[in-house]
Structure formats: structure tokens, C-alpha cells
Amino acid sequence: MSTATATAPSLTSVFVRLKLSLLRNGLRQSSGRKAVWITSLVLVALFAALQLLGLIALRGHAHVGAMTVLLTVVLAFAWAVVPLFFPGGDETLDPTRLVMLPLRPAPLVRGLLAASLVGIGPGFTLVILVGAVIATAHGAAAAAVGVPAVALALLVCLALARAVATANVRLLTSRRGRDLALLSGVVIAVGGQLVNLAMRELGGLGMARLEPVADVVRWIPPGSALDAVRAAGDGAYGRAATGLLVTALGLAALLWWWGQSLTKLMTAPDSSTLGAASTGRDTARGAGRPGLAALLPAGRTGAVMHRTLRYIWRDPKTKASWVSGLAVGALVPVVNAAQGMSSIWFALFAPTMLGLQMYNQFGMDGSAFWMVLQTIGSPREAYAELRARALALGLIAVPYVALVVTGTAAFTGKWWQWAEVLGLSLALLGTLFATGAVTSVLAPYSVPQDSGFKNVAPGQGAIAWFGMLGALVGAVLCAPLVGLDIWLHVAGAHDALWTLLPAGAAYGALAALLGLRAAAPRLASRLPEILTAVSKG
């Protein structure tokens with residue numbers, strides 16, 4: 001009598017199929033999402049191809065080894081940071097969805113790591129690493145070392161992303177995540193400007209400047225793997241073996257950390273929510289202290305402004321967006337002035353970044369928008385709601401824009417342009433507020449609150465991009481003020497440029513007023529559609 005033994009499927013293959021199913025089903029949700037994904041794939045593939053050709057063109061350069069080592073370390077850093085805040089809707093990055101399953105950490109780590117190989121990001125990273133090896137490898141020994149070097153470097157990047165995400169998933173999915181969201185905004189804003197500055201310096205001084213830094217980071221995984229390729233090409237086989245070993249040990253340490261984090265995540269209670277509803281001490285502390293509310297207008301206007309400002313201060317994603325906008329708006333003119341491009345016109349980044357905060361006004365309300373809906377029964381009440389929200393944003397944006405323009409004028413010494421730049425900045429801020437109000441009504445989308453990894457609900461990515469096109473319309477609406485500025489310069493009427501300040505302020509206020517009035521009747525008539533759109537997350 002024969003007994004058939006049922007063999008359970010490999011957990012690794014299950015997770016790979018799960019990742020493919022999530023990707024396939026996500027694309028089936030809407031044609032807009034499929035179009036965005038295909039467009040992203042094509043653009044990333046083209047960019048990867050250009051990077052590959054550039055790396056191949058650098059083959060034989062005296063300092064290409066230093067550049068590839070640094071490039072690999074930067075890739076690893078990007079994998080540690082970028083998927084944490086911009087994961088593109090990858091549901092498998094959140095291991096809390098698996099806490100009820102009887103899975104042991106070791107097989108789970110292997111399965112999730114294999115699933116991480118599926119996606120646009122891993123493919124792009126693989127192409128860059130292959131190009132780095134081609135640029136560095138000389139001889140059969142270096143080519144042979146390049147194969148495990150690419151594999152180790154890719155696995156280190158993926159394991160680092162997963163380990164960091166797992167260690168922070170409870171923080172990101174709780175209200176305490178606002179602190180990390182705030183930090184992420186600063187890091188992204190400051191880091192982007194530092195990278196821009198470094199690339200400009202590198203372009204002027206050449207790759208020889210990379211050697212001192214590469215001498216340090218070549219011992220940091222996964223840079224040590226790429227340095228092993230260079231060492232093998234030079235005949236230093238001992239150093240090549242050491243480089244591969246250092247990367248392998250780094251990978252083992254990351255996998256151990258990841259496993260420990262998974263064990264803690266699946267066995268320990270969520271301390272971020274323990275006792276949250278039992279004490280009520282925060283309510284007692286806040287009682288009898290109206291604070292900002294006492295300075296705001298009475299009635300509906302003050303209540304809506306207070307609610308909007310609380311969102312900015314308390315909601316993690318809203319806070320991150322504001323911190324990023326404030327940081328970029330202030331850093332761009334300073335960084336460019338430090339590089340010798342002392343143009344006061346870079347201060348226009350400030351109204352641009354803060355004007356964008358007016359877009360998708362109802363997305364952060366989510367399903368709670370039904371409470372707002374109950375208070376809007378006419379275009380007049382809709383206008384009062386939109387006006388109060390705009391006033392709350394303007395309470396921060398107008399002084400900030402004036403401060404950035406004044407600071408940029410002081411930093412560059414071009415005080416004679418202060419009035420015209422500030423006037424155009426206020427005009428741009430007003431037109432962005434106007435178009436932001438209209439697009440918030442015509443193209444609302446949900447901002448999911450149950451995940452720290454998504455900023456747009458599945459299937460609404462195309463709507464979000466369409467809404468942001470309103471910023472281009474806002475910039476075009478400033479054409480009359482720009483034309484007046486150009487005419488005054490051409491006519492030589494420099495003494496009259498100061499008139500752009502009151503003209504820009506009045507133009508911006510009028511544009512914002514007209515935009516709010518245009519959006520109000522549409523808001524009153526589209527309340528059910530907006531509620532449906534912002535409740536999808």
C-alpha cells in the first residue's frame with residue numbers, strides 16, 4: 001500500500017507569486033494606473049540605458065574605480081531611504097499584514113527577499129551595478145569577481161531597504177510617525193540640494209576629487225564588493241577576496257537584524273498604542289488653553305482655519321509635505337547663491353512650494369469629509385469653507401515668502417530687485433491658491449491613513465498627476481505681471497519697478513479670490529463625488 005506524501009510549496013515561491021499577483025491585480029484596477037506604471041517603466045528603462053552607456057564610456061578612466069564605489073554606496077543609501085517614504089504602493093513592504101500567519105523568521109526573510117527582486121527598482125539597480133562592473137573590470141579575474149559582486153551588492157540594497165522598513169513600520173503606521181515624517185522632509189530637501197551641489201563641484205574638478213572619499217567608503221558594504229572587482233583587475237586577489245567577504249558579512253548582519261525585527265514585530269505588542277485611550281492626560285493638559293484658537297476669527301472661518309492648522313501640525317503626511325516645501329523653498333536660493341549664481345529670482349521657489357500645499361485640500365480629510373459635507377448646503381457655505389482653508393495656508397505662506405525673498409536679497413546684495421521679486425512671488429502664490437482650489441474640487445484623491453507607505457490610493461495616481469498640472473496653469477496666469485515687469489525693464493523705467501510689489505500683492509489676492517469663487521459652486525454640487533474619491537484610501 002503506497003502512501004502519497006503531500007509536499008508544501010516553498011514559501012519563497014509563494015511570496016514571489018504573491019508579489020507578481022499584487023502587481024498584476026494593481027494594474028487591473030484602472031487604466032490610469034496601468035498607464036502611469038507603463039510610463040514609469042519606459043522612463044526608468046531609458047534612464048537606466050543612458051546610465052549604462054555612460055558607465056561603459058568611462059571604462060579605462062584612471063579614477064573610475066573610485067566613482068563606481070561611491071555610486072554603489074549611494075545606491076544602497078537610496079534603497080534605505082527612498083522605499084521607506086516613496087515605495088510606490090508595494091504592499092509587501094508592510095510585514096504587519098503577516099502577523100497572524102504561522103511563519104518563522106528565517107523562511108519569511110528568504111521569501112520576502114526573493115519577492116523584493118520583482119519590480120522596477122531592483123531592475124534599475126541591477127543595470128547600474130552591471131554597468132559599474134563593466135566600467136571597472138579589466139581581465140578575466142575581475143570579470144569573474146564581478147558576478148558575485150553584483151549579486152551581493154544587489155542583495156545588500158534590498159535587505160537594507162527591508163530591514164529599515166521593518167524596523168520602522170510601527171512608527172510609520174502610528175501617529176508617532178509624524179516625527180519621522182518631519183525628519184524625512186528635512187533629509188530629502190537638504191539631501192537633494194547637497195547632491196546638486198556635489199554634482200556641480202564634481203563636474204568642475206573631475207573624478208580625481210573622489211579618491212580620498214573612496215578610500216574610506218571602499219570598506220563599507222556594498223562598496224567593498226565593487227572595490228573587489230577593481231582589486232582583482234589589479235592582481236590584488238587577497239584584497240578582492242576581503243572586499244567580497246566584507247560585503248557578505250554586511251549582508252549576513254542585515255539579514256540577522258531584519259530577522260530580529262520581524263520576530264519582535266510579530267510577537268511584541270504595539271507599544272505605540274498601549275494606554276493611548278486610558279489616561280486622558282493630554283486632554284486635561286490642553287483644557288482651558290485655547291492658544292492659537294483665541295487669535296483666529298470667530299465663527300466658521302476661525303474653526304476651519306484652526307482645523308487646517310492642526311492638520312499641518314499633527315498629521316504626519318501633511319507635516320512632511322510642509323516641511324519639505326519650507327526647506328526646499330529656503331535652501332534653493334541659498335545653495336545657488338553659494339555656488340556663485342547669485343540671482344534673487346531663485347526665491348520664486350518659496351511661493352511655488354507653498355502654493356502647492358493648496359492642492360488636494362480634501363484628501364487629508366478622508367472619510368471624515370462627510371462631516372464637512374454636512375455643513376455645506378449652498379455655494380456660499382462652500383466658499384466660506386474654501387476661503388478659510390486658504391486663509392490658514394496664507395497665514396504661513398505670505399510671511400514665509402516675504403522672509404525668503406528678503407533673506408535672498410540680503411544674501412545676494414541685490415536689494416534693487418527686492419520689490420519686483422516679492423511682488424511676483426505674491427502674485428504666483430495667489431494664482432497657485434486659485435488653481436489649487438479648483439483642482440481640489442475637480443480632481444480630488446485619497447491619501448491613505450492606514451499605511452505609512454502610500455500617499456495616493458491605488459488607482460488614483462493618474463488623478464493626482466492631473467491635479468498637479470494646475471500648477472502650470474497657475475504659473476501661466478502670472479503672465480500679465482511678468483509682461484509688466486519686462487516692459488518696465490525694456491522701457492528703462494527702473495524707478496517704477498517698486499510698483500510691482502503692490503500690483504503683485506493685489507493681483508495675487510484677486511486671483512485667489514476669483515479662484516475660490518469659481519470653485520465654490522462646483523464644490524457645492526460635487527460633494528458626493530468628492531466624498532467617494534477621498535474615502536477610497
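Looking only at side-chain heavy atoms (C-beta outward), Val441 and Gln361 stay at 4.5 Å or farther from each other. Inter-residue side-chain proximity for Phe124 and Phe47 is flagged as met; some heavy-atom pair is nearer than 4.5 Å. No side-chain heavy atom of Val473 sits under 4.5 Å from any side-chain heavy atom of Thr431. Two residues are said to be in side-chain contact when any heavy atoms from C-beta on lie closer than 4.5 Å; Leu497 and Trp416 fail this criterion. In this structure, Tyr507 and Leu426 have side chains that are not in contact, with every pair of non-hydrogen atoms separated by 4.5 Å or more. Counting only heavy atoms from C-beta outward, the side chains of Leu513 and Arg517 approach each other to under 4.5 Å.
Judged by distance alone, with hydrogens and angles left aside, the side-chain atoms of Thr532 form a donor-acceptor pair with the main-chain N or O of Pro528 at under 3.5 Å. For the pair Thr318 (side chain) and Ile312 (backbone), a donor-acceptor distance under 3.5 Å is absent. Arg387 contributes no side-chain N or O that, together with a main-chain N or O of Leu516, makes up a donor-acceptor pair within less than 3.5 Å. Between the side chain of Asp365 and the main chain of Val372, no donor-acceptor pair closer than 3.5 Å is present.
Looking at Tyr359 and Thr435, their side chains do bring a donor and an acceptor atom within 3.5 Å of each other.
Atom-to-atom distance recorded for Thr406:OG1 and Trp418:CH2 is 5.5 Å, nearest 0.5 angstrom. Rounded to the nearest 0.5 angstrom, Leu391 CG and Leu395 CG are separated by 8.5 Å. With rounding to the nearest 0.5 angstrom, the CD1 atom of Ile530 is 8.0 Å from the OG atom of Ser525. For the atom pair Leu55 CG and Leu71 CG, the distance stands at 6.5 Å (nearest 0.5 Å). Summarising the geometry, atom CG belonging to Leu70 is positioned 9.0 Å from atom CE belonging to Met67; distances are rounded to the nearest 0.5 Å. Once rounded to the nearest 0.5 Å, the distance linking CG of Leu403 with CG of Leu326 reads 10.5 Å.
What you find for Leu527 and Ile376 is that their closest heavy atoms are CD1-O, 3.6 Å. Heavy atoms only, all atoms of each residue included: Pro351 and Leu429 are closest at O-CD1, 3.8 Å. Taking every heavy atom of both residues into account, Pro399 and Gly394 meet most closely at CD-O, 3.7 Å. The nearest pair of heavy atoms linking Phe433 to Ala390 is CE2-O, 3.5 Å. Of all heavy-atom pairs between Ala434 and Ala512, the closest is CB-CA, 4.0 Å. When all heavy atoms are compared, the tightest approach of Leu432 to Gly474 is CD2-CA, 4.3 Å.
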Query raised in the report: Should Trp79 and Val164 be marked as a side-chain contact (heavy atoms from CB on, under 4.5 Å) after you check the CA-CA gap, both sets of side-chain angles, and the distance that decides it?
Result: CA-CA 9 Å; Trp79 270 100; Val164 172; over 6 Å; no
Query - From CA spacing to verdict: side-chain contact (heavy atoms from CB on, under 4.5 Å), Thr412, Thr408 - result: CA-CA 6 Å; Thr412 59; Thr408 306; 4.2 Å; yes
Requested in this report: Begin from the C-alpha positions of Glu420 and His494 and carry the test side-chain hydrogen bond (donor to acceptor under 3.5 Å, both in side chains) through to its verdict.
Outcome: CA-CA 10 Å; Glu420 60 176 313; His494 299 288; over 6 Å; no
Requested in this report: Walk me through it: do Val304 and Arg389 pass the test side-chain contact (heavy atoms from CB on, under 4.5 Å)?
Outcome: CA-CA 6 Å; Val304 175; Arg389 292 180 182 236; 3.7 Å; yes
Query - Stepwise side-chain contact (heavy atoms from CB on, under 4.5 Å) test for Leu160 and Phe77 - result: CA-CA 9 Å; Leu160 182 60; Phe77 177 77; over 6 Å; no
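Contact check on Arg300 versus Glu381 returns no salt bridge, with no Lys/Arg side-chain nitrogen under 4.0 Å from an Asp/Glu carboxylate oxygen. A salt bridge is defined here as a Lys NZ or Arg NE, NH1 or NH2 lying under 4.0 Å from an Asp or Glu carboxylate O, and Glu385 with Arg380 fails to meet this definition.
Counting non-hydrogen atoms of neighbouring residues, nucleotides and ligands closer than 6.0 angstrom, the CZ atom of Phe349 reaches no more than 12 such neighbours. Heavy-atom neighbours of Arg522 CZ from other residues, nucleotides or ligands within 6.0 Å: at or below the threshold of 12. Atom CH2 of Trp415 sits in a crowded spot, with more than 12 heavy atoms from other residues, nucleotides or ligands closer than 6.0 Å.
Of the options Ser343, Ser425, Cys478, a side-chain contact (heavy atoms from CB on, under 4.5 Å) to Leu348 is made by Ser425 and by none of the others.
Every residue was checked against the side-chain hydrogen bond (donor to acceptor under 3.5 Å, both in side chains) condition with Ser440, not counting sequence neighbours, and none meets it.
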